Amino acid sequence: MAKQEDVFKTIIAHAKEYGFVFQSSEIYDGLSAVYDYGQNGVELKNNIKRYWWEAMTMLHDNIVGIDSAIFMHPTIWKASGHVDAFNDPLIDNRDSKKRYRADVLIEDEIAKFDDKINKEVAKAAKRFGESFDEAMFRQTNPRVLEHQQKRDALHNRFSEAMNANDLAELKQIILDYEIVDPISGTKNWTDVRQFNLMFKTEMGSTADGAMDVYLRPETAQGIFVNYLNVQKTGRMRLPFGIAQIGKAFRNEIVARQFIFRMREFEQMEMQFFVRPGEELKWFDFWRQTRLRWHKALGLGDGKYRYHDHEKLAHYANAATDIEFLMPFGFKEVEGIHSRTNFDLSQHEKFSGKKIQYFDPELGESYVPYVIETSIGVDRMFLSVFCSCYEDQDLGNGDRRAVLHFPPALAPVKCAVLPLVKKDGLPEKAREIQHRLRFDFTCQVDEKDSIGKRYRRQDAIGTPFCITVDHQTLEDNTVTLRHRDTMEQERVAVDDLEKILSEKVNLNTLLKKLL
Ligand code: GAP
């Protein structure tokens with residue numbers, strides 16, 4: 001098994017062991033692709049949301065927030081195109097009776113060529129040692145070139161079939177490449193057919209005439225249908241944005257990689273309304289602004305890359321993903337899309353209401369164009385969690401599991417630890433906690449040895465441990481232990497609020513964005 005897979009398994013186990021993420025309905029054997037956040041997970045998640053919300057609504061004069069309902073009028077999803085086109089291509093194996101996404105089966109086949117290439121590269125790197133020139137090897141080695149050529153041929157055929165929505169061709173690819181069901185091992189496939197990803201339910205009792213409604217698959221439409229309300233009541237002038245954080249639901253068929261692809265997840269979306277013709281300028285602005293927001297966390301600039309879309313949805317005129325280096329490769333965390341005036345125009349058409357902006361400078365009315373930034377809270381959580389986790393070798397056979405969270409995102413900011421559970425030290429620890437708890441999430445832990453308590457706090461990413469000892473009772477000083485360096489310094493209790501707030505307050509992150 002690849003080493004990165006082991007690392008990822010360890011990270012998932014750590015997330016459970018320390019109260020960050022639990023499988024939903026675990027005591028009933030779980031519900032696939034649905035997860036619950038535990039006592040530490042919810043704090044980390046809330047801090048991520050707060051960082052995004054405040055960066056959007058407090059640092060931009062022209063962005064306001066809303067919180068729209070999950071249930072919306074079903075015609076909204078007809079207008080947005082989700083009823084007709086929000087589909088995945090599915091295929092069944094007649095022997096195993098299992099259902100798969102046809103595109104994922106083919107992507108896995110493409111990944112096999114990548115694996116073969118990487119194996120050749122790894123073998124050669126071992127053979128040649130330091131003199132190995134990987135780029136040159138990839139360009140010239142005949143075996144690598146042969147795998148690459150086969151990979152590209154499959155990739156091109158697959159992309160064309162997907163773009164043309166050619167389901168018969170997708171099935172033909174599966175047959176031609178002799179892709180077998182991983183369970184039955186057979187090629188006894190049904191035809192490929194489209195499967196809509198929206199969850200449907202009924203509103204109202206049947207006697208009253210129940211109406212089919214959908215659990216929203218994105219929060220964006222709640223913003224579009226409130227565009228007029230916000231613009232008019234907030235007297236907003238273009239350009240302006242509306243931000244929203246909320247749950248979204250998709251009946252994902254292939255659910256894997258932990259919280260990367262879930263059936264119930266959370267999005268942080270912002271729709272920025274601009275004058276027609278100015279959208280590409282604003283697209284570029286948001287493309288850069290959003291990457292800056294990510295990089296300010298200090299997780300490592302090299303872990304991000306843009307993936308600009310070559311093939312665009314019919315309503316978009318530019319789109320890019322911000323990808324993050326997860327343990328399973330670079331993966332999309334956020335999308336930035338220039339959606340033209342498609343959504344508002346569709347809602348104009350389907351609702352029969354005029355959704356326009358009167359531009360006082362131009363003296364004319366038009367349907368605004370939209371730049372969207374859309375990021376998954378759970379994917380953001382996963383990227384922070386994975387990149388901050390370290391199984392650290394401390395020498396002499398000693399190790400610690402530590403989460404190097406950016407202090408502003410850490411679930412617990414400080415832990416107050418009485419050195420011993422007697423002599424008035426626990427009481428003094430409580431007194432310090434009561435002073436700090438108004439500004440910081442602050443725990444008191446008095447069980448086990450001090451070393452074990454430090455490790456427990458490291459494992460949940462607490463940036464500071466404050467140790468209360470006998471000297472504290474004499475001169476009102478404590479030791480302040482720094483999580484990442486494990487260094488300790490003696491500081492006055494009266495200085496704690498100032499020292500901590502400079503390091504852990506969200507402002508420290510937000511100020512980097514200006
Ligand atoms: N309104 C645009 C929109 O929804 P998207 O690319 O489908 O675009 C945006 O989704 C973001 O939502 C993605 O970049 C990802 O972070 C997150 N996301 C999408 N599907 C998800 C899923 N099944 N589980 C977790 N996060 C998901």
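Excluded from the calculations below are hydrogen atoms, water molecules and symmetry mates; all remaining heavy atoms, backbone and side chain alike, are included. In each ligand, atom 1 is the first atom listed, and ligand 1 is the first ligand listed. Nothing here was measured: the structure is a model prediction, and the numbers come from that model.
Using a 4.0 Å cut-off to heavy atoms of F260, the atoms of ligand 1 that qualify are 24 (N), 25 (C), 26 (N). Close contacts of ligand 1 with E332, meaning ligand atoms under 4.0 Å from a residue heavy atom, involve 6 (O), 13 (C), 14 (O). Interface of E269 with ligand 1, defined as ligand atoms under 4.0 Å from a residue heavy atom, comprises 1 (N), 2 (C), 3 (C), 4 (O).
The one candidate from I375, I336, V333 that meets the side-chain contact (heavy atoms from CB on, under 4.5 Å) condition with I322 is I336.
Annotation: E218 places an N or O atom under 3.5 Å from an N or O atom of ligand 1; distance criterion only. Considering backbone and side-chain N/O atoms, M262 comes within less than 3.5 Å of an N/O atom of ligand 1. Considering backbone and side-chain atoms alike, G376 places an N or O below 3.5 Å from some N or O of ligand 1. Remark: ligand 1 and R250 share an N or O pair separated by less than 3.5 Å (distance only, no angle test). For ligand 1, the polar-atom distance check finds no N/O of D378 at less than 3.5 Å from any of the ligand's N/O atoms. Note: an N/O pair closer than 3.5 Å links V333 and ligand 1 by distance alone.
The proximity of R263 to ligand 1, defined as any non-hydrogen pair under 4.0 Å, does not occur for either the backbone or the side chain. With a 4.0 Å cut-off on non-hydrogen atoms, R261 touches ligand 1 through its backbone as well as its side chain. Contacts with ligand 1 closer than 4.0 Å are made by side-chain heavy atoms of R339 only, the backbone lying farther away. Looking at M380 against ligand 1, nothing comes within 4.0 Å, counting heavy atoms.
Protein heavy atom at the shortest distance from atom 9 (C) of ligand 1 is S374 OG, 3.0 Å. Nearest protein heavy-atom neighbour of atom 12 (O) of ligand 1: Q267 NE2, 3.3 Å. Distance from atom 2 (C) of ligand 1 to its nearest protein heavy atom, with residue and atom name: E372 OE1, 3.1 Å. Nearest to atom 18 (N) of ligand 1 among the protein's heavy atoms is F265 CE1, 3.5 Å. With hydrogens left out, the protein atom closest to atom 15 (C) of ligand 1 is R379 NH1, 3.5 Å, a heavy atom.
Aromatic ring centres of Y37 and F381: separated by under 6.0 Å.
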Problem set entry | side-chain contact (heavy atoms from CB on, under 4.5 Å) evaluation trace for L299 with V384 | CA-CA 7 Å; L299 304 179; V384 171; 4.1 Å; yes

For this session: Walk me through it: do Q221 and M72 pass the test side-chain contact (heavy atoms from CB on, under 4.5 Å)?
Result: CA-CA 9 Å; Q221 298 303 323; M72 293 195 275; 4.0 Å; yes

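Atom CD in E334 sits 11.5 Å away from atom CZ in R379 (nearest 0.5 Å).
No hydrogens or angles considered: nothing links the side chains of E160 and N156 as a donor-acceptor pair under 3.5 Å.
The two residues A79 and H347 come nearest to each other via the heavy atoms CB-ND1, 3.7 Å.
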